[in-house]
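The sequence lines fix the lettering, A, B, ..., with proteins before strands; numbering per chain opens at 1. Note that these values count all heavy atoms, side chains included, but never hydrogens, waters or copies made by symmetry. As the structure is a prediction and not an experimental result, all values here were calculated from the model.
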Amino acid sequence: MRWSRYFMPTSKEAPRDAETISHKLMSRAGLIDKTSSGVYTYLPAGYRVLRNVEAIVRREMDRTGAMELLMPALQPSSLWKESGRLDKMGDEMIRFTDRHDRLMLFGPTHEEVITDIVRKYFSSWKQLPVTLYQIQTKFRDEMRPRFGIVRSREFLMKDAYSFEVDQQGLDETYGKMREAYCRIFTGCGLTFSIQQADSGVIGGKFSEEFVAQGECPELEVGHIFKLGTQYSESMKAFFRDSSGTEKPLIMGCYGIGVSRIVAAAIEGNHDQKGISWPVSIAPFKVLVIPSNTESGQILETAQAIYQSLGSRGISAMLDDRNQSAGMKFADADLCGFPVWVIVGKKAAEGKVEIRIRKGSVSSDVETGNAARWVCDFLEANGQS
RNA sequence: CGGGGCGUAGCGCAGUCCGGUUAGCGCGCAUGGUUUGGGACCAUGAGGUCCUCGGUUCGAAUCCGAGCGCCCCGACCA
């Protein structure tokens with residue numbers, strides 16, 4: 001990508017309403033734009049980060065053997081009447097009546113829909129256990145949206161649901177999910193702790209939440225539950241065991257706030273100058289900075305390195321804007337590119353500077369070796 | 001949902017208390033020139049339903065009323 005043509009509107013000033021560091025930096029770095037209270041647009045660079053997080057979540061969920069599906073955001077209220085949660089959810093659930101006067105809702109969560117799916121298709125112990133998940137937009141009409149995308153009314157969530165024949169199976173799957181969650185959060189560059197939690201309106205006997213480190217008081221990025229038979233009993237999701245006896249499915253559910261991870265990653269990876277992305281989720285891993293775009297040699301060298309990085313499959317950005325070097329460095333700090341290749345006066349001597357955003361460590365490298373150097377560095381530091 | 005605050009150019013703000021030239025400032029934007037290793041400078045310029053509707057007044061960004069939007073504190077919260 002050429003910065004001069006890329007839509008990433010950086011700014012010296014944060015919007016008036018931004019309070020937390022992640023909110024301020026996401027706005028200033030041109031990652032998000034507020035559309036309405038608690039409703040945000042992910043601008044191109046922000047969306048790249050979101051998709052990078054999504055890919056990590058997907059990779060680790062697939063590793064556990066869970067299968068991805070996609071349920072509707074639009075749901076009939078009838079399923080919620082069955083589970084008994086229609087009234088419980090209150091005004092947080094966005095409801096409306098369709099043209100046939102049926103009460104519909106925008107899903108705040110999907111226990112009802114998944115239980116409906118499973119009861120239709122899973123009737124024998126031979127088909128079990130099964131774990132299904134999706135990555136999807138959830139809707140919750142929060143009384144008070146805040147902290148940018150952290151508490152928003154529309155947000156991206158990964159929700160997984162497991163169905164077992166017995167408690168032991170649930171314990172095993174729960175443990176696998178717990179491990180996968182640790183890999184996901186670590187892989188996204190978060191420092192986190194696991195705490196026993198109140199299960200709230202979701203219900204169940206036991207749950208733990210994953211809380212990311214950071215200043216932001218809404219800390220929770222993941223929550224896993226041993227639900228038991230609460231939904232399978234109210235919604236009549238039964239199976240036959242090996243003796244032919246009808247039993248309720250034993251359920252677990254596992255949620256990750258995918259969009260929240262983005263904010264949490266910033267909370268945990270920034271300094272006074274801006275974001276310092278973990279390599280794994282950075283929108284672009286490398287920024288190539290020609291210090292002066294008027295100089296033919298500098299610009300050409302920068303372009304050559306940029307292209308060489310591209311041909312090695314590395315997502316790179318070329319700051320080809322005709323701006324002062326100082327302004328480019330400030331933007332590079334703000335936007336948090338993990339690796340910078342700075343092409344300046346030493347290009348005439350065949351050297352460029354490679355700087356690592358985290359810790360501001362610099363090395364002079366032969367121009368011809370720059371792309372390989374970056375490649376090796378990223379390979380060695382790909383997970384953080 | 002209770003309490004408080006705010007709404008003026010794309011963004012951040014001043015002006016409002018105490019009504020009165022052509023509504024300003026910084027950033028950003030456009031044009032030209034000089035610059036280019038830590039948010040450069042000069043010149044010129046464009047850009048405004050002062051949230052909306054109604055009222056008071058010779059006159060309203062400013063006063064009054066209603067509405068809408070947004071934020072903060074609290075309660076709430078996969």
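Checked against B/C71, B/G37, B/U36, the side chain of A/Ser37 finds its nearest nucleotide in B/C71. For A/Met143, the listed nucleotide lying nearest its side chain is B/A75; candidates were B/G39, B/C11, B/A75. Nearest nucleotide to the side chain of A/Glu19, out of B/G39, B/C72, B/G37: B/C72. Of the candidates B/G39, B/C70, B/G37, B/G37 carries the atom nearest the A/Ala325 side chain, counting heavy atoms from C-beta on. For A/Arg146, whose side chain is taken as the heavy atoms from C-beta onward, the closest listed nucleotide among B/G26, B/A40, B/C72 is B/C72. Minimum atom distance to the side chain of A/Arg16 is reached by B/C13, of the listed B/C70, B/C13, B/A40. Distances from the side chain of A/Glu353 to the nucleotides B/C27, B/G37, B/C71 place B/G37 closest.
Side chain A/Glu13 to base B/G26: a donor-acceptor pair is found below 3.5 Å. Side-chain atoms of A/Asp331 come within donor-acceptor range of the base of B/G39, with a qualifying N/O pair under 3.5 Å.
One atom, NZ of A/Lys24, and another, P of B/C71, lie 16 Å apart when rounded to the nearest Å. Regarding A/Asp17, its CG atom lies at a distance of 21 Å from the P atom of B/G4, rounded to whole Å. When the C1' atom of B/C76 is taken as reference, atom CD of A/Glu218 falls 10 Å away, rounded to whole Å. Rounded to an integer number of Å, the gap from CG of A/Asn322 to P of B/G33 is 12 Å. Atom CG of A/Asp364 is separated from atom P of B/G37 by 16 Å (rounded to the nearest Å). Distance A/Arg321 CZ to B/G39 C1': 10 Å, rounded to the nearest Å. The CZ-C1' distance, from A/Phe329 to B/U36, rounds to 10 Å in whole Å.
B/G33 and B/C18 are spaced 48 Å apart, taking the C1' atom of each and rounding to whole Å. Between the C1' atoms of B/U21 and B/G15, the separation comes to 15 Å (whole Å). Rounded to the nearest Å, the gap between the C1' atom of B/A23 and that of B/U16 is 12 Å. For B/A9 and B/G47, the P atoms lie 15 Å apart once the distance is rounded to whole Å. Of the P atoms belonging to B/G59 and B/G19, the separation is 15 Å, rounded to the nearest Å. One C1' atom belongs to B/C27, the other to B/G55, and the distance between them is 38 Å to the nearest Å. If you take atom P in B/U62 and the same atom in B/U52, they sit 10 Å apart, rounded to whole Å. Rounded to whole Å, the separation between the P atoms of B/U35 and B/C71 comes to 47 Å.
Nucleic acid contact class of A/Arg260 (heavy atoms, under 4.0 Å, all strands): none. Counting non-hydrogen atoms under 4.0 angstrom, A/Ser36 reaches the backbone sugars and phosphates but no base. A/Ile289 comes within 4.0 angstrom of nothing in the nucleic acid, heavy atoms only. No engagement by A/Lys328 is indicated, since no non-hydrogen atom pair under 4.0 Å with the nucleic acid exists. Counting any heavy atom pair closer than 4.0 Å across all strands shown, A/Tyr254 reaches no nucleic acid atom. Heavy atoms of A/Glu294 sit under 4.0 angstrom from at least one base atom. Residue A/Gln323 is classed as a base contact, given a heavy-atom separation below 4.0 Å to a base. Residue contacts shown for A/Pro15 are limited to sugar-phosphate atoms, with no base heavy atom under 4.0 Å away. Within the nucleic acid shown, A/Phe139 has no heavy atom closer than 4.0 Å to any nucleic acid atom. Nucleic acid contact for A/Ala197: none, since no nucleic acid atom lies under 4.0 Å from a heavy atom of the residue.
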Next item on the list: Could you give me the CA-CA distance, side-chain angles and deciding distance for A/Thr229 and A/Ile250, then say whether side chain to side chain contact (heavy atoms under 4.5 Å, CB included) is met?
Entry: CA-CA 5 Å; A/Thr229 56; A/Ile250 297 175; 4.0 Å; yes
Check: Which is it for A/Arg321 and A/Asp319 under the salt bridge (charged side-chain N to carboxylate O under 4.0 Å, His left out) test, yes or no, and what are the steps along the way?
Finding: CA-CA 6 Å; A/Arg321 296 174 299 171; A/Asp319 192 351; 2.8 Å; yes
Margin query: Pair A/Arg85, A/Glu112 - check salt bridge (charged side-chain N to carboxylate O under 4.0 Å, His left out), show working.
Written below: CA-CA 9 Å; A/Arg85 288 208 295 179; A/Glu112 280 76 3; 2.8 Å; yes
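Applying the ring pair (Phe, Tyr, Trp, His ring centres under 6.0 Å) test to pairs two or more places apart or on separate chains, those with a residue in residues 67-112 of chain A are A/Phe96-A/Phe106, A/Phe106-A/Phe139.
Side-chain N/O atoms of A/Ser276 and A/Asn269 include no donor and acceptor closer than 3.5 Å.
By the neighbour-count criterion of 12 heavy atoms within 6.0 Å, atom CZ of A/Arg372 is sparsely surrounded, having that number or fewer from other residues, nucleotides or ligands.
Between A/Lys345 and A/His223, the residue anchored closer to the 5' end of RNA chain B is A/Lys345, taking for each the nucleotide with the nearest heavy atom. Checking A/Phe147 against A/Met327, the closest nucleotide of RNA chain B that is more toward the 5' end is the one next to A/Met327.
Listed by chain and residue number, A/Pro76 satisfy the side chain to side chain contact (heavy atoms under 4.5 Å, CB included) test with A/Ser78 (two or more places apart in sequence, or in another chain).
Across all strands shown, nothing is found opposite B/U22 as a Watson-Crick or G-U wobble partner with both distances under 3.5 Å. As the counterpart of B/A30, B/U44 is assigned, both hydrogen-bonding distances of the Watson-Crick or G-U wobble pattern falling under 3.5 Å.
A/Asp17 has a carboxylate O that lies under 4.0 Å from a charged side-chain N of A/Lys34, or vice versa, which qualifies the two as a salt bridge.
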